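In this text, all values refer to a predicted model and were calculated from it rather than measured experimentally. Every heavy atom of this structure was used, including side-chain atoms; hydrogens, water molecules and symmetry mates were not. Each chain gets a letter, A, B and so on, in the order its sequence line appears, and its residues count up from 1.
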There are 2 protein chains.
Amino acid sequence: MIRLSKLTDYAVVVMTAMIQGDGGPHTAISLAERTGLPAPTVSKILKLLARDGLMASHRGATGGYRLARAPDAINVAQIIAAIDGPIALTDCVEGAPGACGVESLCPRRGNWDRVNRAVRGALEGVSLADMARPSFPDPLLPKAAPALPATADAI
Amino acid sequence: MIRLSKLTDYAVVVMTAMIQGDGGPHTAISLAERTGLPAPTVSKILKLLARDGLMASHRGATGGYRLARAPDAINVAQIIAAIDGPIALTDCVEGAPGACGVESLCPRRGNWDRVNRAVRGALEGVSLADMARPSFPDPLLPKAAPALPATADAI
DNA sequence: GCAATCCGGACCAAATCAGTACCCTTTAAG
DNA sequence: CTTAAAGGGTACTGATTTGGTCCGGATTGC
Ligand code: FES
Ligand code: FES
């Protein structure tokens, strides 16, 4: 299974929790209470998100975090990049020499970039606003990725 | 970084090495020599691929492995599924109750399926034949995923 | 000044993964 | 029939990554 780190999952939970509140700033502790996640973990996530510019932080006595942009201007790719680092599936990515142990023998160094690009594009097609929609049983896909004709659901 | 397991990377290396040989069966040891990977690891990979029907194996004295299908009839999603298991980015996928610890509080259970579908579609758009192409500096994307307007290359 | 809040990093335990080894079954060659 | 060569399966171990926690310091409002 291509594991997305659990922290990234939590990040989406926290961010959607912020959407549902009013526009005011949210403190890390209040978000932890509303999401049921441990407070230090929430704090860690918020810090990572703020570092990448997805959150606007305000220090001091009445400080807190706010979303830096509108929910539909934030996509899943950005959240993943903030928590897990750049989106690259393999070690043999473009700029890293010597990362892959067999690169001297492997004639296909760099072709994973095509895969990376495809995945990245798919992730950019899903916004935070999409994730925040309460539930949608129908596969209407109003603004998701261009819906390849997925061969089967269970691959 | 969304890590794809290193074994999956190796699987593509091994499979492309098979393409470049003649049509005859390849033994695990000969493939290990040609790819520079340790023999037990190659054997393990081949076993996994054979179990999922991507390889045709022949036992006995003159046995070996062959590709079960043409290179352009095998896509990256299938290889990943064979090595890493089903493609699902998060623990909170459709059929797993209790997998995610916060599911009772999280109102968005199941929305990750949209992301999963998008990624899966992107992966299905890249075939093994694409990966075997010696090198392609141009982003023509002859048969890759429908190319969303990627915002930037460095996300 | 004081209290509340964010900031940055270090730290540890648990889970996962890569790699290896072992033994069994199957098949073809001699 | 016997033997050797190859895949099939499983179990084990060390290394790596991850999730989660903690603490001291900086910043702002009351
Ligand atoms: S360089 Fe890593 S797979 Fe070839
Ligand atoms: S159920 Fe897992 S994120 Fe909500």
Tell me what B:Ala28 touches on the nucleic acid: a base, only sugar-phosphate, or nothing, going by heavy atoms under 4.0 Å.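 Contact class for B:Ala28: sugar-phosphate only.
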Do side-chain atoms of B:Ser30 reach the backbone of B:His26 as a donor and acceptor pair under 3.5 angstrom?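 Absent.
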Look at the side chain of B:Gln78 and the backbone N and O of B:Asn75, then say whether any donor-acceptor pair between them is shorter than 3.5 Å.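 Yes; judged by distance alone, with no hydrogens or angles, the pair exists.
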Are OP1 or OP2 of D:dG8 and a side-chain N or O of B:Ser43 less than 4.0 angstrom apart?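 No, no such contact exists.
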Considering just the side-chain nitrogens and oxygens of B:Ser57, establish if one lies under 4.0 Å of OP1 or OP2 belonging to D:dG8.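 True: B:Ser57 side-chain N/O within range (under 4.0 Å) of D:dG8 OP1/OP2.
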Atom of [X], atom of [Y] and distance for their closest heavy-atom approach:
X: A:Pro25; Y: A:Thr62; answer: CG-O, 4.4 Å
X: A:Tyr65; Y: A:Met18; answer: O-CE, 3.3 Å
X: B:Val14; Y: B:Thr35; answer: CA-CG2, 4.2 Å
X: B:Ala118; Y: A:Ala122; answer: O-CB, 3.4 Å
X: B:Asp52; Y: B:Ala82; answer: OD2-CA, 3.4 Å

Whole angstroms only, please: what is the CG-C1' distance between B:Asp9 and C:dC17?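 Computing the B:Asp9:CG to C:dC17:C1' distance gives 15 Å.
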In whole angstrom, what separates B:Asp52's CG from D:dG8's P?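 Going from CG in B:Asp52 over to P in D:dG8 covers 13 Å.
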Give the B/S/- string for nucleotides 24-30 of chain C, one per nucleotide from 5' to 3', where a protein heavy atom under 4.0 Å of the base yields B, of only the sugar-phosphate yields S, and otherwise -. -BBBS--
Quick one: pull up CG in B:Leu123 and CG in B:Leu4 and give me the separation to the nearest 0.5 Å.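 It comes to 8.0 Å.
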With a 3.5 Å cut-off and no angle check, do the side chains of A:Thr8 and A:Ser5 form a donor-acceptor pair?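 Yes.
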Count the heavy atoms belonging to other residues, nucleotides or ligands that lie under 6.0 Å from CD1 of B:Ile19, then report whether that count exceeds 12.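 For B:Ile19, atom CD1 is crowded (more than 12 foreign heavy atoms under 6.0 Å).
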Detail all sub-3.5 Å separations between protein N/O atoms and N/O atoms belonging to nucleotides 19-21 of chain D.
from   : atom 1 : to      : atom 2 : distance (Å)
D:dG19 : OP1    : A:Lys6  : N      : 2.6
D:dG20 : N7     : A:Lys44 : NZ     : 2.9
D:dG20 : O6     : A:Lys44 : NZ     : 3.1
D:dT21 : OP2    : A:Thr41 : OG1    : 3.4

For DNA chain D, what is the dot-bracket line, given that a base pair needs Watson-Crick (N1 to N3, plus N6-O4 or O6-N4) or G-U wobble (N1-O2 and O6-N3) geometry with both distances under 3.5 Å, and | means paired with another strand? ||||||||||||||||||||||||||||||
Side-chain contact test, heavy atoms from C-beta onward, threshold under 4.5 Å: evaluate it for B:Met15 versus B:Val12 and give yes or no.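 Side-chain contact under 4.5 Å: no.
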